[in-house]
Amino acid sequence: MVRHGLAVREHGVRATRGAVLACLAAAALLPAGCSGSGDPTPPSRTRGASRAPIAGTSASPGFFTTTDVSFAQNMIRHHRQAVEMADLAETKAGAREVAGLAGRVRMAQQPEISLMTDLLTSWHRPVPPAGGSDSGHGDRPGDAPGTLSGDEIARLKAAATGRDFDRRFLEMMARHAQGAISLARDEVAAGGNPAAKARARQIIANQRAEIDEMTRLLDRL
């Protein structure tokens, strides 16, 4: 009877050891990052969820819509014309404040042109070619809101320096800035890319501030 009891206990120990070894082997096959209960860690914690870039520092290669593409392309054309107008003002303006405003417009919009170009490039969408095609086409159907016509650009170039030029420049630039706000509002309402939408909101704020300044300057002339 004693020998029989010892055999039973020895058999039980071997069975227990076998069960433990089987559990350890199964645990070794579990993927890294699993909890003791066998539940996997959520994928977003181990693989890293995608993050939208900070607007103004880099272009987003992620999700975008046709609205985003149209916004970027139209804003490039729009800003290029604003830069052309600002270049004229820096040499023809009569008031120092008008020339200073023109300089700030150019400094603000050149980086935005670069950002929109980077976005389009990352999306593999065409960037509007630089040159005469960006200037003076506001008289064509489908052009960006606020874009000046060829005749208006010609009149601005022909305007004498001084007060006459200042008034023409401020009136045209204020309308031009309002067009940029219209484009940006469309992007905020219907766009999909986070970087483009964030830039559109910033454009609205910047253009409103410029319009306020231009209105004050016009009141002084």
Side-chain angles (χ1 to χ4, degrees), residues 52-91 101-157 168-169 171-208 210-211 214:
I54 299 174
T57 60
S58 63
S60 170
F63 176 77
F64 64 93
T65 67
T66 55
T67 299
D68 298 318
V69 174
S70 295
F71 168 69
Q73 291 173 336
N74 283 328
M75 197 57 69
I76 287 174
R77 298 186 186 99
H78 203 271
H79 280 358
R80 282 173 179 167
Q81 190 178 72
V83 170
E84 179 185 6
M85 294 167 66
D87 288 342
L88 289 172
E90 286 194 275
T91 58
L101 170 65
R104 292 195 303 278
V105 166
R106 180 153 55 83
M107 289 181 63
Q109 298 196 9
Q110 285 283 19
E112 287 183 355
I113 292 172
S114 297
L115 175 63
M116 298 299 169
T117 299
D118 290 344
L119 285 172
L120 289 169
T121 300
S122 72
W123 300 335
H124 305 288
R125 293 298 182 268
V127 176
S133 59
D134 297 315
S135 175
H137 289 312
D139 45 3
R140 297 188 318 188
D143 281 327
T147 306
L148 302 183
S149 68
D151 289 343
E152 287 175 314
I153 289 290
R155 287 198 298 271
L156 184 62
K157 290 180 177 180
R168 286 178 183 269
F169 169 78
E171 290 173 348
M172 291 180 179
M173 187 61 86
R175 177 159 58 86
H176 199 269
Q178 190 60 53
I181 291 175
S182 179
L183 286 172
R185 282 175 175 166
D186 290 344
E187 168 63 19
V188 171
N193 182 267
K197 289 170 72 73
R199 179 53 56 179
R201 294 186 183 95
Q202 190 61 52
I203 286 173
I204 291 172
N206 292 345
Q207 297 295 306
R208 281 176 175 168
E210 289 179 4
I211 290 173
M214 286 182 260

Test side chain to side chain donor-acceptor pair (under 3.5 Å) applied to D118 and T121, step by step:
CA-CA 5 Å; D118 290 344; T121 300; 5.4 Å; no
Closest non-hydrogen atom pair, A200 against V188:
CB-CG2, 3.8 Å
Quick one: closest heavy-atom pair of D68 and G191, and the distance?
OD1-CA, 3.3 Å
What do the steps show when you test Q109 against Q207 for side chain to side chain contact (heavy atoms under 4.5 Å, CB included), and what is the final call?
CA-CA 10 Å; Q109 298 196 9; Q207 297 295 306; 3.4 Å; yes
To the nearest 0.5 angstrom, please state how far the CD atom of E171 sits from the CE atom of M214.
11.5 Å
Run the side chain to side chain contact (heavy atoms under 4.5 Å, CB included) test on R106 and E90 for me, step by step, so that the C-alpha distance in whole Å, both residues' side-chain angles and the decisive distance to 0.1 Å come before the verdict.
CA-CA 10 Å; R106 180 153 55 83; E90 286 194 275; 2.2 Å; yes
Would you check, one step at a time, whether the test side chain to side chain contact (heavy atoms under 4.5 Å, CB included) holds for M116 with F71?
CA-CA 9 Å; M116 298 299 169; F71 168 69; 3.5 Å; yes
Using the side-chain hydrogen bond (donor to acceptor under 3.5 Å, both in side chains) definition, which of the options R175, K157, R168 pairs with E152?
R175
Just how far is it from atom CD1 of I76 to atom CG of L119, taken to the nearest 0.5 Å?
8.5 Å
Using 0.5 Å steps for rounding, measure from the CE atom of M173 to the CE atom of M85.
4.0 Å
Applying side chain to side chain contact (heavy atoms under 4.5 Å, CB included) to M172 and L156, what does each step give before you reach the verdict?
CA-CA 9 Å; M172 291 180 179; L156 184 62; 4.0 Å; yes
Taking E210 for the side chain and V105 for the main chain, is one N or O donor matched with an acceptor at less than 3.5 Å?
no
Kindly give the heavy-atom pair with the smallest separation between I204 and A184, and that separation in Å.
CG1-CB, 3.5 Å
When you measure from the side chain of S70 to the backbone N and O of T67, does any donor-acceptor pair fall under 3.5 Å?
no
Gap between atom CD of Q81 and atom CG of L148 - 0.5 Å precision:
4.5 Å
With rounding to the nearest 0.5 Å, note down the distance linking CG in L115 to CG in L120.
9.5 Å
Are any of the side-chain heavy atoms of R199 and Q202 separated by less than 4.5 Å?
yes
For R80 and P129, the nearest pair of non-hydrogen atoms, with its separation, is NH1-O, 3.0 Å
Tell me whether the rings of H176 and H78 are parallel (<30°), tilted (30 to 60°) or perpendicular (>60°).
tilted
Exercise: identify the closest heavy-atom pair between T65 and A190:
OG1-O, 4.1 Å
Backbone N or O of P128 within a donor-acceptor pair of the Q73 side chain at under 3.5 Å?
no
Locate the shortest heavy-atom distance separating I203 from A180; write the atom from each residue and the value.
CG2-O, 4.2 Å
